[in-house]
Engineer: 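Could you have a look at this structure, given as C-alpha cells, before my questions?
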Amino acid sequence: IGGVSRPIARTMSDIDLLVVTGSPDKAWESCRQRGWTLVDDVLTPELYRDHHHLPPLLDPDGVNIGLELHRILLPGLDLLGLDVGAIMERSRLIPVGNTAVRVPSVEDLLVHACVHFAWSNKLRHAAWRAFADCHAIISDPAFKWERFLGAVPSRRARLCCYWALRLGR
C-alpha cells in the first residue's frame with residue numbers, strides 16, 4: 001500500500017519484501033527474534049528450503065498482517081525477462097518509521113501484480129486481490145501507461161499483464 005501515493009482500502013493479507021542485499025535467512029531470523037511468528041506451524045523452514053520466499057510470518061502486534069521475505073522476486077524470473085536491477089533503479093526510497101525502504105515504481109508494482117496473478121497464481125487464485133491492487137495502482141496519479149509499457153520486458157510478461165488486466169476489466 002505504501003507503494004501508491006493515495007492508498008485505498010484493499011484486501012491486503014501480507015507484505016512481500018525482496019531481500020536484495022544480505023541474507024534472507026538472517027533477515028527472517030531477525031524477524032523471528034522480534035516476535036514475528038509462523039503463520040502456521042506446519043509451514044516450516046524445511047518446507048521452504050527451495051521456495052522463492054521463506055515461510056510466511058505473522059506480525060507480533062496483532063494486526064494480522066503476514067510477511068514474506070523473498071529470496072527472489074518470483075519463480076521463473078529468467079523466463080519472464082524481469083530485471084531486478086532495473087526495477088531497483090526505478091524504485092524510490094520510502095520512510096517506514098526510522099528505516100528507508102525501496103518501493104518499486106507504480107508501473108513496476110503493476111507489472112508485479114499482473115505477473116504474480118497470471119504467472120505465479122496461473123490466473124486461478126486471489127483474483128479479486130489482484131484486481132483491487134491493479135485498480136489502486138492504475139488510479140495513482142503518478143502512474144503512466146507509457147512507463148508501464150516500457151517496464152514490461154518480454155512477450156511472456158506482456159501476456160501475463162494483458163490477461164490480468166483484461167480479466168480485471
Side-chain angles (χ1 to χ4, degrees), residues 1-24 27-28 31 51-54 56-57 59 63 65-169:
I1 288 195
V4 293
S5 62
R6 289 185 1 241
I8 60 172
R10 64 167 289 250
T11 57
M12 184 175 76
S13 63
D14 67 5
I15 297 169
D16 293 355
L17 293 177
L18 176 63
V19 179
V20 178
T21 57
S23 165
W28 190 84
C31 291
H51 199 66
H52 67 284
H53 65 76
L54 289 112
L57 299 171
D59 73 285
V63 179
I65 292 292
L67 174 65
E68 290 180 358
L69 295 177
H70 285 243
R71 294 180 177 103
I72 60 171
L73 187 62
L74 292 166
L77 206 60
D78 54 330
L79 298 173
L80 292 165
L82 295 177
D83 180 359
V84 173
I87 293 169
M88 293 296 293
E89 286 176 21
R90 292 187 296 264
S91 70
R92 61 198 186 283
L93 286 173
I94 302 285
V96 177
N98 294 330
T99 304
V101 297
R102 290 215 161 270
V103 175
S105 70
V106 288
E107 294 80 17
D108 283 320
L109 288 173
L110 183 60
V111 172
H112 181 267
C114 292
V115 168
H116 189 272
F117 173 57
W119 182 264
S120 297
N121 294 354
K122 298 176 176 51
L123 299 171
R124 294 185 195 147
H125 307 290
W128 297 118
R129 212 174 273 150
F131 301 153
D133 285 349
C134 290
H135 177 75
I137 293 165
I138 292 167
S139 298
D140 189 294
F143 179 81
K144 300 289 182 237
W145 282 108
E146 301 78 28
R147 287 195 308 250
F148 168 73
L149 294 172
V152 186
S154 71
R155 182 177 185 279
R156 277 189 174 124
R158 285 191 297 274
L159 285 170
C160 289
C161 292
Y162 172 81
W163 283 111
L165 294 171
R166 175 75 179 182
L167 291 171
R169 186 169 172 242

Engineer: Work out which heavy atom in R90 is nearest to a heavy atom in A151; give both atom names and the distance.
Structural biologist: NH2-CB, 4.0 Å
Engineer: Just one of L165, D133, V106 clears the side chain to side chain contact (heavy atoms under 4.5 Å, CB included) bar with I138, so which one?
Structural biologist: L165
Engineer: Closest approach of A157 and V115, non-hydrogen atoms and distance?
Structural biologist: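 So the two residues come closest at O-CG2, 4.4 Å.
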Engineer: Between I87 and L73, does a side-chain contact (heavy atoms from CB on, under 4.5 Å) hold up when you go through it step by step?
Structural biologist: CA-CA 10 Å; I87 293 169; L73 187 62; 3.9 Å; yes
Engineer: List in chain and number order the residues that pass side-chain hydrogen bond (donor to acceptor under 3.5 Å, both in side chains) with H52, two or more places apart in sequence or in another chain; answer none if no residue qualifies.
Structural biologist: none
Engineer: List in chain and number order the residues that pass side chain to side chain contact (heavy atoms under 4.5 Å, CB included) with R156, two or more places apart in sequence or in another chain; answer none if no residue qualifies.
Structural biologist: L79, L80, W119, S154
Engineer: What closest approach, in Å, do C161 and V111 show between heavy atoms, and which atom pair accounts for it?
Structural biologist: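 That closest heavy-atom pairing would be SG-CA, 4.2 Å.
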Engineer: Locate the shortest heavy-atom distance separating P141 from K144; write the atom from each residue and the value.
Structural biologist: O-NZ, 3.6 Å
Engineer: Out of the candidates F131, W128, W163, only one should pair with F117 under the ring-ring contact (aromatic ring centres under 6.0 Å, His included) rule; please name it.
Structural biologist: F131
Engineer: Are the side chain of S91 and the backbone N or O of M88 linked by a donor-acceptor pair below 3.5 Å?
Structural biologist: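 Judged by distance alone, yes, a pair lies under 3.5 Å.
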Engineer: Test side-chain contact (heavy atoms from CB on, under 4.5 Å) on R71 and L54; report intermediate values, then the result.
Structural biologist: CA-CA 7 Å; R71 294 180 177 103; L54 289 112; 3.5 Å; yes
Engineer: CD1/I137 to SG/C114 distance, rounded to the nearest 0.5 angstrom?
Structural biologist: 7.5 Å
Engineer: By side chain to side chain contact (heavy atoms under 4.5 Å, CB included), which residues pair with R124, not counting sequence neighbours?
Structural biologist: K122
Engineer: Rounded to the nearest 0.5 Å, how far apart are CG of L110 and CG of L149?
Structural biologist: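 The CG atom of L110 sits 9.5 Å away from the CG atom of L149.
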Engineer: Do you know which two heavy atoms are closest between S120 and P75, and how far apart they sit?
Structural biologist: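 Smallest interatomic distance, heavy atoms only, reads OG-CD, 4.2 Å.
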Engineer: Enter the distance from H51:NE2 to E68:CD here, rounded to the nearest 0.5 Å.
Structural biologist: 7.0 Å
Engineer: How many angstroms lie between atom NE2 of H53 and atom CG of L18, to the nearest 0.5 angstrom?
Structural biologist: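 H53 atom NE2 to L18 atom CG measures 12.0 Å (nearest 0.5 Å).
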Engineer: Of all heavy-atom pairs between H125 and N121, which one has the smallest distance, and what is that distance?
Structural biologist: O-ND2, 3.1 Å
Engineer: Atom CZ in R102, atom CD in E89: separation rounded to 0.5 Å?
Structural biologist: 10.0 Å
Engineer: I need the L74 CG to C160 SG distance, nearest 0.5 Å.
Structural biologist: 9.5 Å
Engineer: Is a side-chain N or O of R92 found less than 3.5 angstrom from the main chain of P104, in a donor-acceptor match?
Structural biologist: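 Yes, the answer is positive, given that a donor and an acceptor are paired below the 3.5 Å cut-off.
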